[in-house]
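Inspection log for the structure reproduced underneath, given as structure tokens.
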There are 2 protein chains.
Amino acid sequence: MMNASLTPVAILIADDHQLVIDGIKSMLATEKQYIIAGEAINGQAAFDMISANPNRFQLLITDISMSHLTGIELCKMVKTRFPEIKVLILSMYNSVTVVKEALAAEADGYILKSTGKDEFLIALHRINDGGTYFSQDILPIIYNQYQKEKQQQDQLTILSPREKEILALIVKEHTSEEIGAKLFISKKTVDNHRQNILEKTQCKTTVGLVKFAIRNGLE
Amino acid sequence: MMNASLTPVAILIADDHQLVIDGIKSMLATEKQYIIAGEAINGQAAFDMISANPNRFQLLITDISMSHLTGIELCKMVKTRFPEIKVLILSMYNSVTVVKEALAAEADGYILKSTGKDEFLIALHRINDGGTYFSQDILPIIYNQYQKEKQQQDQLTILSPREKEILALIVKEHTSEEIGAKLFISKKTVDNHRQNILEKTQCKTTVGLVKFAIRNGLE
DNA sequence: TGATCAATAGGTATATATACCCACTCATTC
DNA sequence: GAATGAGTGGGTATATATACCTATTGATCA
């Protein structure tokens, strides 16, 4: 709550749709704690403006799909060179990969353009207080990924306990000989287990086994 | 917005701390669209109440740590047998694993007990409208995971484009001979690339390469 | 203009994995 | 009591990967 009623927060908006810029401006018109200190029509222009005077902006609101430099790229560059500047990413829709990219680009927030004024302001407040704000619609997406992982995890049950044990050691980069020594059994026995595991998992090579194991959370 | 001022939403609260139950009740006292239709002191009791009369409740608010049956288990059981009942999970703190479990258990929401009335009501409204609500403090946790992945992803840059290409084919379970045929180069060249990749990635076997590739998002 | 590196290709080994075959013991199950 | 499956061990192949070595071409760079 550092910026309660002291110096207003200087915002730079980057979007190649003037309509969106105007919309944000009108939303913030009545909010005296925020000031639109600059507008950019694409990512490169935004970065140039920041580079020219890094202390001029405290917050960057950027569209995700822009010509020249996408919002993700812009975010990465800003966070790398001017980490003190907060970044809020605007997107038209939620897709798993885009959200992941936004997270990886160290964005402080991610909201949809369809977001209403109330939520938009909440996002701004949180980010400005050093927090983050991500659209609520994101979680169900990530949730679906965990669901898939969960489903595949049941495939491990087709392997016997001993086979799972051996598979785990294979993934740890041990050879059949090493595994045999570790389990006090013959290398031949390990080889036979490997053969059975290959059949059960319908894999053809060790590479397939490793992928199977990792998919099913055996690490 | 189906339940605006029509039938109030019947809520079942499951928590082994009477204080929490009372706190929620007082929060909802002035909200006429919600009615506390039942209270349970542990997970099993809650499930029994729902089983006895499934149509009695539309929403379950449950603590995550309860004796007999945890909130996660309760959520799973409810979602399996009575999928039309919404579930909001309450927790004392955010941990990666717990949040993951909540997501996997198909919870409609997850908030901290420290959540204020405003956010609590927003969560209820969203869930009631068929949406989800997850505490904002969750994303930074997941975000950190992607950060770790990201850090490792930079390791891919130590490989040349050709090496990355070959590594990708290795992970697709191709042999050196097959890769050579596919890229119109000699098997020996592929072998040399493999050797270089092993050195650069500090791996000793193909298994290590596969793990390296998957860690770095090369699938 | 040397130096460096990626990409190419070959030689010669050994190490490891894969594909079949076989047999025995033990516990469970029908 | 016969059948089944897991776990054990062996034989005999071939296929594949790994560890070294050398060498040429082309591009980039200080």
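Below, all heavy atoms of this structure are taken into account, side chains as well, without hydrogens, waters or symmetry copies. In the text below, chain A, chain B and the rest are named by the order of the sequence lines, each starting its count at 1.
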Determine the contact category for Lys200(A): base if any of its heavy atoms lies under 4.0 Å from a base atom, sugar-phosphate if only primed atoms, P, OP1 or OP2 are that close, otherwise nothing. sugar-phosphate

Can you work out whether Lys204(A) or Ser160(B) has the more 5'-proximal nearest nucleotide on DNA chain C? Ser160(B)

Donor-acceptor side-chain pairing of Asp191(B) and Gln195(B) below 3.5 angstrom: no

Between Asp108(B) and Lys79(B), is there a salt bridge with N-O shorter than 4.0 Å? yes

Identify each atom pair where a protein N or O and an N or O of nucleotides 21-25 of chain D are less than 3.5 Å apart, giving names and distance.
none

Would you mind classifying the nucleic acid contact of Asp191(B) as base, sugar-phosphate or nothing, using non-hydrogen atoms under 4.0 angstrom? base

Assess whether a salt bridge exists between Glu163(B) and Lys200(B), defined as any Lys/Arg side-chain N lying under 4.0 Å from an Asp/Glu carboxylate O. yes

If you walk 5' to 3' along DNA chain C, what is the first nucleotide with an atom under 4.0 Å of a heavy atom in chain A, and what is the last? dT16(C) to dA19(C)

Kindly say whether the aromatic ring centers of His125(A) and Tyr34(A) come within a distance under 6.0 Å. yes

Would you say Ile72(A) and Ile64(A) make side-chain contact, with heavy atoms under 4.5 Å? yes

Assign the ring pair Phe47(B) / Phe82(B) to parallel, tilted or perpendicular, where the plane angle (0 to 90°) is split at 30° and 60°. tilted

Do Thr70(B) and Met66(B) come within less than 4.5 Å of each other through their side chains, counting heavy atoms only? no

Tell me the interatomic distance from Asn196(A), atom CG, to dG5(D), atom P, rounded to whole angstroms. 12 Å

Could you check whether any side-chain heavy atom of Leu60(B) comes within less than 4.5 Å of a side-chain heavy atom of Ile11(B), counting everything from C-beta outward? no

Give, ordered by number, those residues of residues 176-189 of chain B having at least one heavy-atom distance below 4.0 Å to an atom of DNA chain D; if nothing qualifies, reply none. Ser176(B), Glu177(B), Lys188(B)

salt_bridge(Lys187(A), Glu178(A)) N-O dist < 4.0 Å: no

Ion pair present between Lys113(B) and Asp15(B), side-chain N to carboxylate O less than 4.0 angstrom? yes

